[in-house]
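Note on naming: letters A, B, ... go to the chains in the order of the sequence lines (proteins, then strands), and numbering restarts at 1 for each one.
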Protein chains: 2
Amino acid sequence: MAENPPQDPGARSRRSRPLHVADAIKDWVVERGLQPGDRLPGEAELIDRFGMAKGTIREAMRLLQAQGLIETKTGPGGGSFVGEVTRERASALLGNYFYFRHVTIDDIYQVRIALEPLLAGSLAGRLSDAQLGELEAIMEAYAEPAADAEEERRQHVASLRFHARLSDFGGNALLGFFIGFMAQILTDLTVYKRLYTTPNHDLWEKGRQHQIDLIAALRSGDSARAKAVMRSHMEMARDLMEAQQAEVLKRFIAE
Amino acid sequence: MAENPPQDPGARSRRSRPLHVADAIKDWVVERGLQPGDRLPGEAELIDRFGMAKGTIREAMRLLQAQGLIETKTGPGGGSFVGEVTRERASALLGNYFYFRHVTIDDIYQVRIALEPLLAGSLAGRLSDAQLGELEAIMEAYAEPAADAEEERRQHVASLRFHARLSDFGGNALLGFFIGFMAQILTDLTVYKRLYTTPNHDLWEKGRQHQIDLIAALRSGDSARAKAVMRSHMEMARDLMEAQQAEVLKRFIAE
DNA sequence: TAAGATTTGTTCGTATGTATC
DNA sequence: GGATACATACGAACAAATCTT
């Protein structure tokens, strides 16, 4: 794990005890190369290992828990365990960073237009039938044009799930996370801020056709075409959402 | 702030009390539209507002503190305050997500090659003389070819700072964070894993020339050229680092 | 099903540390 | 330096969850 912030001399002792304990435990996990699911020392042991009160130790554990680094269970066989940070939690934590910042729809699409085609191109000819099938299953949610605004919103969320799922299939975890994060932000905007487009049969038709073409290109292994189709798809989506003029994302996080 | 994870019926009560309190405080901040620096209720008030013990409240505050959402100060006038999540902390928290995942140099550069030229292109003609001067000042660190491996490493870190700084100058906070995060990862790899290139005068010359050309293009407002130069620069950097065959990033986080 | 063991979760009272006036 | 207002830390007890028998 990462070392901690710059420490002016004497800072070590000024640093709160829970922080100190949390750091020590992180170091301990890294040094031993512990893996998710591995057991950590129990409260009782930590108490006398560090010579601190129970409350102090527990505060340290909460610091780690909030970061998704540990999980705790009660009862026999319970205790603290190394936890794998989930994509959802990482998204939520990163979302906090943008809470007080100004991020526009255009900002998001500038990045999406650069990354989504890249992913699509790299995935051509590399997806299993099961994966392609799963994408097609998601598309069922918008097989028919939306009748009202509410359904339009549901369809939009489903189409974002299409992209999120696609981002899971690539071998590049970094690229996958970035793309999934943006899909998450847009989903939040759609659901939470009730941002939606009034049903428009023409756009529905075009968007759906894009995804059908995309699937075909992915299946046949036509990388260049997958990339081009995705790019068109993104540009259309951007124009669509920009029309809404909704801008910021005002959302915080999970635990 | 974001709502919390899916709640099966009854989960509300099973959720630990610190978690419940942390959620409530997040909601409170969002509802009132509090800004960084704004005061939160003191321990005493929270204790009787929620009807819980001090320890419980304190654990809740640690959950929020770890996410960078609050800061606390002791003494008169002290207490808890809404905190702005810093870029450094967000990077560190996100870094944890990748700790147990496999991220290769190639993964990083695949994304860098897509995003850095985008940023460079959008910045052409938009930087102040002060900003351009700052970039040039960073370049001073590698005005001369490195004499040994240690200096080579320092130069590499400086050149990454060049990119990190550039990412701050753009108006797109999302794009800026992604680029800065990758620069951070590469810096960690360079410093922490002692990944470095043996000094190579030819490559040093080419890399430096790229950045000089880039500055010139940025200054003159030649967007297409800035983009092209950055792309060449990234491709060279990728080849350089790939030769090291260093792969994973093994690093955790700060507090 | 029930009882017991184990481990985290929560409370309360008290004392200490720290920064401001 | 002393008083004040806050967070920080301690320790002992009790509650709740969950596994085993």
At less than 4.0 Å, is any side-chain N or O atom of A:S16 found next to OP1 or OP2 of D:dA7? Yes or no. no
Between B:R15 and B:D23, is there a salt bridge with N-O shorter than 4.0 Å? yes
Are A:F177 and B:L94 close enough that some pair of their side-chain heavy atoms sits under 4.5 Å apart? yes
Is the shortest side-chain N/O distance from A:T72 to OP1 or OP2 of C:dT7 below 4.0 Å? no
Per A:T74 side chain, nearest of listed nucleotides D:dA9, D:dA17, C:dG17: D:dA17
Donor-acceptor pair between A:Q184 and A:D188 side chains, under 3.5 angstrom: yes
Below the 4.0 Å mark, does C:dT8 have OP1 or OP2 next to a side-chain nitrogen or oxygen of A:R58? no
A:T72 side chain near A:R62 side chain, heavy-atom distance below 4.5 Å: yes
Partner residues of B:E43 under the side-chain contact (heavy atoms from CB on, under 4.5 Å) criterion, sequence neighbours left out: B:K54, B:R58
Go through the N and O atoms of the side chain of B:K54 and the base of C:dT14, and report whether any donor-acceptor pair is under 3.5 Å. yes
Contact list please: residues 39-48 of chain B against DNA chain D, heavy atoms, distance less than 4.0 Å, in numerical order. B:G42, B:E43
Check whether any side-chain N or O of B:R17 sits under 4.0 Å from OP1 or OP2 of D:dA16, and answer yes or no. no
What's the closest nucleotide to the side chain of A:A53 if the choices are C:dT6, D:dG11, C:dT18? D:dG11
